[in-house]
Amino acid sequence: MASTNLSVGVVGGGVGGLSAALSLLRAGFDVHVFERASMLGEVGAGVQVSPNASRVLHRLGLAEELARTGVKPREFHQRRWDDGSTLLRSPLAEPLEATFGFPHYQMHRADLLDALATAVPAERIHLRRRLTSLVDRGDRIEARFAGGTSVEVDVLVGADGIHSVVRDELFGPEDPHFTGCVAYRGLVPADRLRELALETTAQLWMGPGRHFVHYFVRSRGLVNVVAIVEQDAWTRESWTDRGDIADARAAFDGWHPQVRQILAAVDETFIWALFDRAPLERWSSGRATLLGDACHAMLPFMAQGAAQAIEDGATLAACLAQAGSDVAGALRHYERLRIPRTSRLQALSAANKVRFHLPDGRLQRERDAQMATGTTDFAFDAVAWIYKHDAAAVERVAGS
Ligand SMILES: Cc1cc2nc3c(=O)[nH]c(=O)nc-3n(C[C@H](O)[C@H](O)[C@H](O)COP(=O)(O)OP(=O)(O)OC[C@H]3O[C@@H](n4cnc5c(N)ncnc54)[C@H](O)[C@@H]3O)c2cc1C
């Protein structure tokens, strides 16, 4: 339990903000979440929750909720775009759970968010609170919201996503970087794809300039579909928009029939411009810090953006609990523990853009030969450093 009764304001009620709020509440802090939207919600799409994240969520008491709708895939199956041949199969079920102690889930994002939101007492979530500015008052920090309301807290956590206002307030504005990729996302009722007899695996199909991912969510009732395509520029005003499924189908023309059949079954799609940011040197200033996409937005090509946000909350709570009233010291310790790990994942995710999208030729053959050795990409040993991490196990800093 926390040795002081610090008040913590979390700005943003996404997966990162809510899981941090829960970690902080369980550690004994007085936590309130401030979300700009009028209701908590997530896009209609899937998310993979790897063991490093489920370890945190299970300890927060969500094991039953995750198991209720989450799907445990047997394997991660990486395949070639045209003939569907296997590049790598890596186990995700029993061997993974036996080694890392916690399961890998495929979830509907709304189910994950609901599980988190239900666990945070309703009186601690404040909707329609759009943060506009911060004022450092030395022994407290003031958060100001649109409409003229404000709160003062001991610690302020910016979990307000890639376009973070907290980040701008702490370190100055900086536009996120368009990665040259867009993602078409959709959900298909599993019944419609029955004739494909899809395995309960996460499948990733790699091809020139694009890749395709699908997996079951919501107790195998829906198939989550993500079609990633390279594109020179993003000219739309919003960074996510209703997409035209015909464009996605055209982009995967000539691909394996399974890919095309899945795309043919999608009724509605959203298109997302994928942005990331260069790793930051600092996440914290005084009594304020950042977590999740606000500080380490990454391409989704390691499926670790939300998982790392969940880890951030657990580490932050552990650092604050350990440090007593030394908030600035705790936040420095937190960022020192987190930045190397999330920076490495940002770099790996960016490198996968090239690796997954190689045109057929020498480099692609070299990649495939490496994958065949079972030691790279999502091979069990290659991802062990990610999955075995215990984000709440924080070493004491000397003197704390
Ligand atoms: C195609 C795709 C697939 C992905 N797949 C995976 C995956 O399989 N596994 C995985 O781990 N990750 C995945 N990710 C990454 C993951 O979605 C993000 O990293 C994660 O959602 C970030 O969570 P967050 O809470 O930091 O930010 P967000 O989810 O963006 O939440 C930010 C919240 O802050 C609120 N907010 C914003 N500004 C303000 C303000 N001024 N005041 C108050 N509230 C504010 C927003 O309304 C929102 O609720 C994927 C991403 C994409 C695009």
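Here the structure is a predicted model, which is why all the values come from computation and not from measurement. For ligands, and for the atoms within them, numbers begin at 1 and follow the listed sequence. Below, each value reflects all heavy atoms present in this structure, side chains not excepted, and no hydrogens, waters or symmetry copies.
With respect to W81, the ring pair (Phe, Tyr, Trp, His ring centres under 6.0 Å) criterion is satisfied by exactly one of F252, W255, F356: W255.
Those atoms of ligand 1 that come under 4.0 Å of a heavy atom in V15, given as number and element, are 25 (O). Atoms of ligand 1 lying under 4.0 Å from any heavy atom of G292, numbered from 1 in the order shown and given with element: 26 (O). Interface atoms of ligand 1 facing V165, defined by a heavy-atom separation under 4.0 Å, are 41 (N). Numbered from 1 in the order shown, with element, the atoms of ligand 1 that lie under 4.0 Å from a heavy atom of R130 read 41 (N), 42 (N). For ligand 1 and G161, the ligand atoms under 4.0 Å from any heavy atom of the residue are 27 (O), 30 (O), 32 (C). Within the listing of ligand 1, atoms 53 (C) sit less than 4.0 angstrom from a heavy atom of L274. Close contacts of ligand 1 with V11, meaning ligand atoms under 4.0 Å from a residue heavy atom, involve 42 (N), 43 (C). Using a 4.0 Å cut-off to heavy atoms of F34, the atoms of ligand 1 that qualify are 43 (C), 44 (N).
Two residues are said to be in side-chain contact when any heavy atoms from C-beta on lie closer than 4.5 Å; R242 and F270 meet this criterion.
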> Passes side chain to side chain donor-acceptor pair (under 3.5 Å), D368 versus Q364? Steps please.
Replying inline: CA-CA 6 Å; D368 295 356; Q364 161 266 326; 2.7 Å; yes
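With a 4.0 Å cut-off on non-hydrogen atoms, R129 touches ligand 1 through its backbone and not its side chain.
Taking all heavy atoms of A273, G12, A159 into account, the minimum distance to atom 32 (C) of ligand 1 is reached by A159.
The closest protein non-hydrogen atom to atom 31 (O) of ligand 1 is G14 CA, 3.7 Å.
The closest approach between A37 and ligand 1 stays at or above 4.0 Å for every heavy atom of the residue.
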